[in-house]
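Computation of the quantities below employed the complete heavy-atom set of this structure, encompassing side-chain atoms and omitting hydrogens, waters and symmetry-equivalent molecules. Just so we're on the same page: letters track the sequence lines, and every chain starts at 1.
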There are 2 protein chains.
Amino acid sequence: MITSTIENYIKQIYLQQQENKSKLLPMGRLAAAMHVVPGTATAMVKTLADSGLVEYEPRSGIRLTHGGEQLALHVLRRHRVLESFLVEVLGLDWSEVHEEAETLEHAVSDKVLERMDLLLNRPQFDPHGDPIPTAKGQIKKIRLVPLTDLKPGHATIIARVADQDPAFLQFAEKNGLLPGVALTLIERDEQADSVQVRLQEKITVTLGGKAAEKILVRMATG
Amino acid sequence: MITSTIENYIKQIYLQQQENKSKLLPMGRLAAAMHVVPGTATAMVKTLADSGLVEYEPRSGIRLTHGGEQLALHVLRRHRVLESFLVEVLGLDWSEVHEEAETLEHAVSDKVLERMDLLLNRPQFDPHGDPIPTAKGQIKKIRLVPLTDLKPGHATIIARVADQDPAFLQFAEKNGLLPGVALTLIERDEQADSVQVRLQEKITVTLGGKAAEKILVRMATG
DNA sequence: AACTATATTTTGAATTATCAAAAGGATGTG
DNA sequence: CACATCCTTTTGATAATTCAAAATATAGTT
């Protein structure tokens with residue numbers, strides 16, 4: 001039976017694997033991401049392997065099977081449609097919906113999710129700019145780059161804010177760093193670890209490297 | 001910690017207790033309602049008693065404490081607001097929302113529930129006519145009577161359809177037996193175990209005793 | 001009061017998910 | 001190559017929820 005613990009492991013494996021594609025995900029990394037001690041992750045991964053959701057190579061790491069990836073995409077879909085729904089329909093703040101969706105994603109039926117998706121007019125991205133997989137498990141893969149990779153003068157649009165910490169999201173919102181917002185890179189100072197950008201041709205904002213890395217933009221010629 | 005199992009037990013104890021108020025709820029009854037073997041219910045009730053949610057008198061039965069009743073009302077509120085939301089906002093059929101709400105009631109936060117309640121304009125009854133407790137744990141107690149208790153000629157309004165089986169609810173909907181519908185009792189035949197009613201001064205429907213007992217109406221002079 | 005039927009509790013075991021701590025491998029440095 | 005370090009796996013325990021079956025209590029009937 002697919003418990004919500006299993007869904008969480010599979011989702012996390014998928015997410016972690018995206019960071020360093022094509023390589024096996026080491027157990028330590030998974031354990032850290034799941035906030036469990038390594039032994040717990042090992043035990044769990046064995047049952048995941050028994051269910052055919054992951055391929056497990058002892059002492060080197062794991063990789064999702066096709067089935068595992070499909071499950072991950074379904075969970076991700078539920079999560080992201082829910083986030084959209086909570087923001088668009090119920091009017092929650094985008095900084096707080098991640099937590100809510102984290103619980104609800106294991107409780108909504110496909111039928112309810114389908115209704116939400118329909119009511120939202122089948123959104124392709126959630127409020128943070130993350131792509132929403134289709135019901136059939138297909139996900140848009142767009143090449144995005146962090147602000148830290150842009151050159152001065154480069155004009156583009158914010159596509160994604162890659163953090164789910166409410167505090168950071170509130171900061172981002174207050175400063176207009178939202179998906180869809182036009183942005184031009186003014187200056188990048190490697191030494192000062194700072195990035196200065198202009199938003200909507202108006203406000204100027206300066207970010208440190210850590211924050212700038214979380215703001216992803218579409219790669220376009222500029 | 002309050003698990004969803006605990007919430008389910010407490011909710012069920014409350015519901016069962018409503019049937020035969022002021023008496024202790026016997027363990028066998030609870031076990032049957034929860035679809036567990038008696039031993040399971042006994043074990044669980046002991047932990048509920050330890051948490052101060054129920055008073056447990058071995059070999060006679062149980063009763064909710066004040067805290068237990070408050071918890072029951074909160075769970076019931078979540079369940080019923082959710083049912084309303086699923087019908088009114090997401091357009092699900094009233095026959096299918098019970099099941100959905102059964103899962104979701106353990107996953108929605110107070111914040112999300114409050115938004116739903118607001119969006120629905122603070123409904124007092126769910127789609128089946130069951131009263132929705134307030135956030136503070138107050139519930140409307142209205143004296144309702146089943147169709148089987150009416151006398152010929154009595155005109156009133158359907159207040160509640162007391163069953164959650166989708167098949168029965170679908171039957172009820174198809175025949176116009178919905179909360180709010182005006183109804184007049186035409187004939188009651190004890191021997192035939194049948195009740196004949198006229199709906200909205202138009203359609204006539206005949207029900208057997210079992211079905212008629214599930215249709216509750218407001219007690220008014222008539 | 002004795003017997004029988006029914007209800008309740010106890011006992012023992014299984015499952016899932018977790019941790020802590022011990023043990024075992026792999027890797028890099030001198 | 002030997003050692004230290006880091007990572008991973010194993011082992012033993014715990015908590016929550018459940019079942020099956022045995023043991024026990026209660027109530028009703030004769």
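Nucleotides of DNA chain D with any atom under 4.0 Å from a heavy atom of chain B span, from 5' to 3', D/dT17 to D/dA25.
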- Message: Treating primed atoms plus P, OP1 and OP2 as sugar-phosphate and everything else as base, which nucleotides of nucleotides 6-22 of chain C get B, S or - for protein heavy atoms under 4.0 Å?
- Response: --BBB------SSBS--
- side-chain hydrogen bond (donor to acceptor under 3.5 Å, both in side chains) between B/H106 and B/N8, worked out: CA-CA 9 Å; B/H106 308 296; B/N8 283 333; 2.9 Å; yes
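In this structure a side-chain-to-backbone donor-acceptor pair under 3.5 Å is present from B/T156 to B/R218. In this structure a side-chain-to-backbone donor-acceptor pair under 3.5 Å is present from B/T65 to B/L53.
Residues B/H98 and B/H128 keep their aromatic ring centres 6.0 Å or farther apart.
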Compile the donor-acceptor pairs under 3.5 Å between side chains in residues 131-139 of chain B and protein atoms, sequence neighbours left out, one pair per line.
unit_1: B/T134; atom_1: OG1; unit_2: B/K136; atom_2: N; d: 3.2
unit_1: B/T134; atom_1: OG1; unit_2: B/G137; atom_2: N; d: 3.4
unit_1: B/T134; atom_1: OG1; unit_2: B/Q138; atom_2: N; d: 3.0

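A salt bridge is defined here as a Lys NZ or Arg NE, NH1 or NH2 lying under 4.0 Å from an Asp or Glu carboxylate O, and A/K210 with A/D193 fails to meet this definition.
Annotation: cation-pi geometry not satisfied between B/K46 and B/Y56 (NZ/CZ under 6.0 angstrom from ring centroid, within 45° of ring axis).
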